[in-house]
J.: 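Below are the structure tokens for one structure; questions will follow.
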Amino acid sequence: MTVRTRFAPSPTGFLHIGGARTALYCWLESRRRGGEFILRIEDTDRERSTDEAVQAILDAMHWLDLDPDEGPFYQTQRLDRYKQVAEDLVSGGKAYYAYESKNEIEAMREAAMAAGQKPRYNGYYRNRNEPPRDDPNRVIRFRNPTEGSVVFEDKVKGCIEFANSELDDLVIFRSDGWPTYNFAVVVDDIDMGITEVIRGDDHVNNTPRQINIYHALGATVPEFAHLPMILDKEGKKLSKRTSAVSVMEYRADGFLPHAILNYLVRLGWSHGDQEIFSREEMISLFDVAHGNKAPSRFDTEKLAWLNQHYLKTDPPESLAAEFAWHLHRAGIDVSKGPAPVDVIVALRERVHTLKEMAERAKIWYGPILEWDDKAVAKHLKNANASKVLETAKSRLAECEWQPAPIHQVIEQVAAELELGLGKVAQPLRVALTGSQVSPSIEDTIYLAGREEALRRVDAALDMAKD
RNA sequence: GCUCCCUUCGUCUAGUGGCCCAGGACACUGCCCUCUCAAGGCGGGAACACGAGUUCGAGUCUCGUAGGGAGCACCA
């Protein structure tokens with residue numbers, strides 16, 4: 001039987017980092033085993049689901065290159081099917097109509113809590129065998145077994161057992177005519193032939209209820225793998241208030257999709273001491289059954305390290321499209337400066353994100369916007385500055401315009417004036433950038449272009465004189 | 001309250017009874033390299049939650065304790 005996994009988000013917000021990891025694990029598990037990855041949108045909560053959220057999730061998954069083999073399927077389009085299955089369950093005696101109002105249910109809960117009990121439905125309509133009647137409060141409840149227990153082997157958590165006496169007769173069809181989550185997932189997973197249910201461990205408590213529904217429907221129970229949560233730096237639940245949670249927010253912050261995937265695959269799973277995984281390696285090595293049981297914290301600094309690793313090792317051309325997106329966002333007109341690929345090469349060892357890179361690239365695409373006064377005072381207002389600038393200017397006007405010959409020019413100037421390389425490079429750096437920090441001096445000059453470089457050296461010469 | 005789950009350096013983790021007075025990575029830090037900043041190289045500090053038990057031997061098995069988390073909806 002082919003392995004089929006699914007990612008089933010509810011479209012009530014953006015794709016967050018925890019969801020992305022779940023999607024990745026589902027995708028990897030299906031890839032390694034030659035199976036299929038299905039996307040299902042769980043939008044039965046009509047109040048909170050939005051089309052924008054659906055689109056945001058789709059966009060994020062596409063950006064991460066985690067496109068599904070099938071889907072997206074929408075639960076709202078399967079209403080007839082749920083209705084039919086629920087009614088079959090009723091006529092088969094495996095579910096029944098109940099008519100308590102929400103207030104009555106609420107009172108039942110409170111009474112149970114007050115008595116130190118788990119809040120459960122009291123089963124009033126379970127054995128009444130009343131003929132169905134119209135009633136605004138009419139729901140369908142699943143007739144859960146009362147004896148024995150449900151045992152399942154979770155692929156990450158191990159053997160888990162729940163006594164049926166802990167479970168109650170859950171609502172599977174609401175009075176508003178829509179199915180509830182625990183029922184819709186089971187019907188969907190059966191219909192869609194899902195063999196591996198990989199999801200967050202906030203669902204372990206739902207699993208025994210769902211298994212009972214599988215049994216009532218006479219279906220094969222799939223394998224389950226429940227993933228621990230991803231926490232923030234402080235060990236708290238990830239929240240928009242304290243950290244970036246949306247995948248697309250990480251894009252805006254300048255992270256690469258593959259760096260995010262590599263970070264996520266290692267968060268809760270490992271393969272010996274290996275830290276760097278190509279897409280192919282992830283696919284061949286990942287096994288959800290070796291996942292960790294405990295929750296883990298999201299560490300942006302390690303993500304940044306991985307991001308820089310890929311910035312440094314990916315072919316610069318392959319980064320160009322994503323970098324162009326950031327340049328545009330930073331308000332940079334690429335036609336007014338050097339080729340972005342050259343900028344990538346000059347900056348990739350000095351920044352952790354593409355956002356930073358775009359920010360620092362500004363010096364080559366427009367005038368110097370900020371002058372570091374200390375840098376000017378130290379490197380332009382000194383005895384050697386004019387001489388250095390003057391000499392460099394005349395040589396730069398004639399040399400071949402490539403980093404290597406420019407580097408030779410700098411060395412020649414240093415030798416001629418009997419100065420250390422630093423005494424030559426720093427005044428030029430300040431002249432070219434307004435600051436004393438930049439890529440190697442030959443790259444900094446080269447990227448400015450001859451005309452602009454000479455203009456800046458001239459301007460610096462004026463500053464050096466007064 | 002009840003049910004279920006979890007617990008190795010600050011963080012992510014290796015570890016499936018002896019290879020572990022616990023290994024790698026991020027972060028931090030010392031030195032080297034160096035035109036600045038980085039990157040890189042070589043070092044350093046830093047952890048088995050606690051207590052019993054099983055065993056010749058426990059981070060690894062069992063039981064307790066403590067701490068943390070999730071769920072207990074006509075929300076997913």
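Chain identifiers are assigned alphabetically (A, B, ...) following the order of the sequence lines, protein sequences preceding nucleic acid strands; residue numbering begins at 1 within each chain.
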J.: Considering every strand and a 4.0 Å limit on heavy-atom distances, what is the contact class for Gly268(A): base, sugar-phosphate, or nothing?
T.: sugar-phosphate
J.: Any donor-acceptor pair under 3.5 Å between the side chain of Glu275(A) and the base of G24(B)?
T.: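 Counting by modelled atom types and ignoring angles, a donor-acceptor contact under 3.5 Å is found here.
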J.: State which of C35(B), G69(B), A76(B) makes the closest approach to the side chain of Arg429(A).
T.: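 Closest of the options to the side chain of Arg429(A): C35(B).
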J.: Any side-chain N or O of Ser10(A) under 4.0 Å from OP1/OP2 of C75(B)?
T.: no
J.: Do the side chains of Glu29(A) and Asp287(A) get nearer than 4.5 Å, heavy atoms only?
T.: yes
J.: With salt bridge (Lys or Arg N to Asp or Glu O under 4.0 Å) as the criterion, how do Glu87(A) and Lys83(A) come out once you've worked through the C-alpha distance, each side chain's angles and the decisive distance to 0.1 Å?
T.: CA-CA 6 Å; Glu87(A) 277 161 10; Lys83(A) 201 172 278 179; over 6 Å; no
J.: Would you please confirm or rule out a distance under 4.0 Å between OP1 or OP2 of U13(B) and any side-chain N or O of Ser296(A)?
T.: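 It does, given that an N or O in the side chain of Ser296(A) lies less than 4.0 Å from OP1 or OP2 of U13(B).
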J.: Kindly confirm or rule out a cation-pi arrangement of Arg141(A) over Tyr96(A), judged by NZ or CZ under 6.0 Å from the six-membered ring centre and within 45° of its axis?
T.: no
J.: Any strand is fair game: report the nucleotide pairing with G1(B) by Watson-Crick or G-U wobble, both distances under 3.5 Å, or none.
T.: C72(B)
J.: Can you find a donor-acceptor N/O pair under 3.5 angstrom joining the side chain of Asp202(A) to the base of G71(B)?
T.: no
J.: Of the nucleotides A76(B), C74(B), U13(B), which one has an atom closest to the side chain of Asn292(A)?
T.: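 Among the listed nucleotides, the one closest to the side chain of Asn292(A) is U13(B).
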J.: Identify which nucleotide among A27(B), C12(B), U36(B) has an atom closest to any side-chain atom of Val437(A), counting heavy atoms from C-beta outward.
T.: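 For Val437(A), the side-chain atoms sit closest to U36(B).
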J.: Using 4.0 Å as the upper bound for N to carboxylate O, is an ion pair formed by Lys155(A) and Glu196(A)?
T.: yes
J.: For atom P, what is the distance between G24(B) and A47(B), given to the nearest Å?
T.: 14 Å
J.: Across all strands shown, which nucleotide pairs with U7(B) by Watson-Crick or G-U wobble geometry, both distances under 3.5 Å?
T.: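 WC or wobble partner is A66(B).
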J.: Assess whether one donor atom and one acceptor atom, taken from the side chain of Glu442(A) and the base of C35(B), lie less than 3.5 Å apart.
T.: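 Answer yes: a donor N or O sits under 3.5 Å from an acceptor.
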J.: Quick one: label Ser435(A) by what it contacts on the DNA or RNA (base, sugar-phosphate, nothing), any heavy atom closer than 4.0 Å.
T.: nothing
J.: Rounding to an integer number of angstrom, what distance separates G57(B) and C19(B) when you compare their P atoms?
T.: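 15 Å, rounded to whole Å.
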J.: Closer than 4.0 Å, any side-chain N/O of Arg46(A) to the OP1 or OP2 of C75(B)?
T.: no
J.: Would you mind telling me which of A73(B), U36(B), G24(B) lies closest to the side-chain atoms of Arg350(A)?
T.: U36(B)
J.: Do Tyr125(A) and Tyr99(A) have their ring centres less than 6.0 Å from each other?
T.: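 They qualify: ring centres under 6.0 Å apart.
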J.: So His226(A), base contact, sugar-phosphate only, or nothing? Heavy-atom distance under 4.0 Å.
T.: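 Nothing, no nucleic acid heavy atom in range.
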J.: Roughly how far apart, to the nearest Å, are C4(B) and G45(B) at atom C1'?
T.: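 It comes out at 40 Å once rounded to the nearest Å.
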J.: Within the sub-3.5 Å range, which N or O atoms of nucleotides 2-10 of chain B have a protein N or O partner, and how far apart are they?
T.:
unit_1	atom_1	unit_2	atom_2	d
C5(B)	O2'	Lys157(A)	NZ	3.1

J.: Between Arg279(A) and His258(A), does any side-chain donor sit less than 3.5 Å from a side-chain acceptor?
T.: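 The criterion, which ignores hydrogens and geometry beyond distance, is not satisfied for His258(A) and Arg279(A).
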J.: Say you pick atom P in G59(B) and the same atom in A73(B); how far apart are they, in whole Å?
T.: 43 Å
J.: Salt bridge between Asp201(A) and Lys157(A), side-chain N to carboxylate O under 4.0 Å?
T.: yes
J.: Partner of C42(B) by Watson-Crick or G-U wobble geometry, both contacts under 3.5 Å, or none?
T.: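 WC or wobble partner is G30(B).
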J.: Would one find a side-chain N or O of Ser270(A) under 4.0 angstrom from OP1 or OP2 of A14(B)?
T.: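 Answer yes for this pair, as a side-chain N or O of Ser270(A) is under 4.0 Å from OP1 or OP2.
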J.: Please give the distance between the C1' atoms of G10(B) and A46(B) as a whole number of Å.
T.: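 The same atom, C1', in both gives a distance of 9 Å.
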J.: So, Thr44(A) versus Arg78(A): side-chain donor-acceptor pair below 3.5 Å or not?
T.: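 Note: Thr44(A) and Arg78(A) side chains miss the donor-acceptor criterion.
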J.: Of the residues in residues 307-315 of chain A, which ones touch RNA chain B at a heavy-atom distance under 4.0 Å?
T.: Gln308(A), Lys312(A)
J.: Contact class for Asn137(A) vs. all strands (heavy atom < 4.0 Å): base, sugar-phosphate, or nothing?
T.: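 If one applies the 4.0 Å heavy-atom cut-off, Asn137(A) turns out to touch a base.
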J.: Aromatic rings Trp269(A) and Phe286(A): how do their planes relate, parallel, tilted or perpendicular, breaks at 30° and 60°?
T.: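 Judged by the thresholds at 30° and 60°, the geometry between Trp269(A) and Phe286(A) is tilted.
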J.: Under 4.0 Å from OP1 or OP2 of A76(B): is there any side-chain N or O of Arg48(A) that close?
T.: no
J.: Please tell me which of the listed nucleotides, C74(B), A25(B), A70(B), lies nearest to the side chain of Ser175(A)?
T.: C74(B)
J.: Is Arg128(A) paired with Glu130(A) through a side-chain N to carboxylate O contact shorter than 4.0 Å?
T.: yes
J.: State plainly whether the residues Asp373(A) and Lys378(A) are in salt-bridge range, i.e. N to O under 4.0 Å.
T.: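 Between Lys378(A) and Asp373(A) there is no salt bridge, as every charged N stays at least 4.0 Å from the carboxylate O atoms.
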J.: Side chain of His352(A), heavy atoms from C-beta onward: which of A39(B), C12(B), C74(B) has the nearest atom to it?
T.: A39(B)
J.: Take the protein atom CD1 of Ile230(A) and the nucleotide atom P of U11(B), then report the distance between them rounded to whole Å.
T.: 16 Å
J.: Could you check which of G24(B), U36(B), C75(B) has an atom nearest any side-chain atom of Thr180(A)?
T.: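 Of G24(B), U36(B), C75(B), C75(B) is nearest to the side chain of Thr180(A).
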J.: When the P atoms of G15(B) and U55(B) are compared, how many Å lie between them, rounded to an integer?
T.: 28 Å
J.: Could you check whether Arg141(A) gets within reach of a base, just the sugar-phosphate, or nothing at all, counting any heavy atom under 4.0 Å?
T.: sugar-phosphate
J.: Among A76(B), A27(B), C35(B), which nucleotide has an atom closest to any side-chain atom of Leu421(A)?
T.: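 Closest nucleotide to the Leu421(A) side chain: C35(B).
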J.: Counting only side-chain heavy atoms from C-beta out, which of A70(B), G1(B), A27(B) sits nearest to Trp305(A)?
T.: A27(B)
J.: Provide the distance between the two P atoms, one in C2(B) and one in G17(B), to the nearest whole Å.
T.: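 C2(B) and G17(B) have their P atoms separated by 36 Å.
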J.: Report yes if the side chains of Val343(A) and Trp364(A) come closer than 4.5 Å at any heavy-atom pair, otherwise no.
T.: yes
J.: If the P atom of G30(B) is compared with that of C12(B), how far apart are they to the nearest Å?
T.: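 The same atom, P, in both gives a distance of 25 Å.
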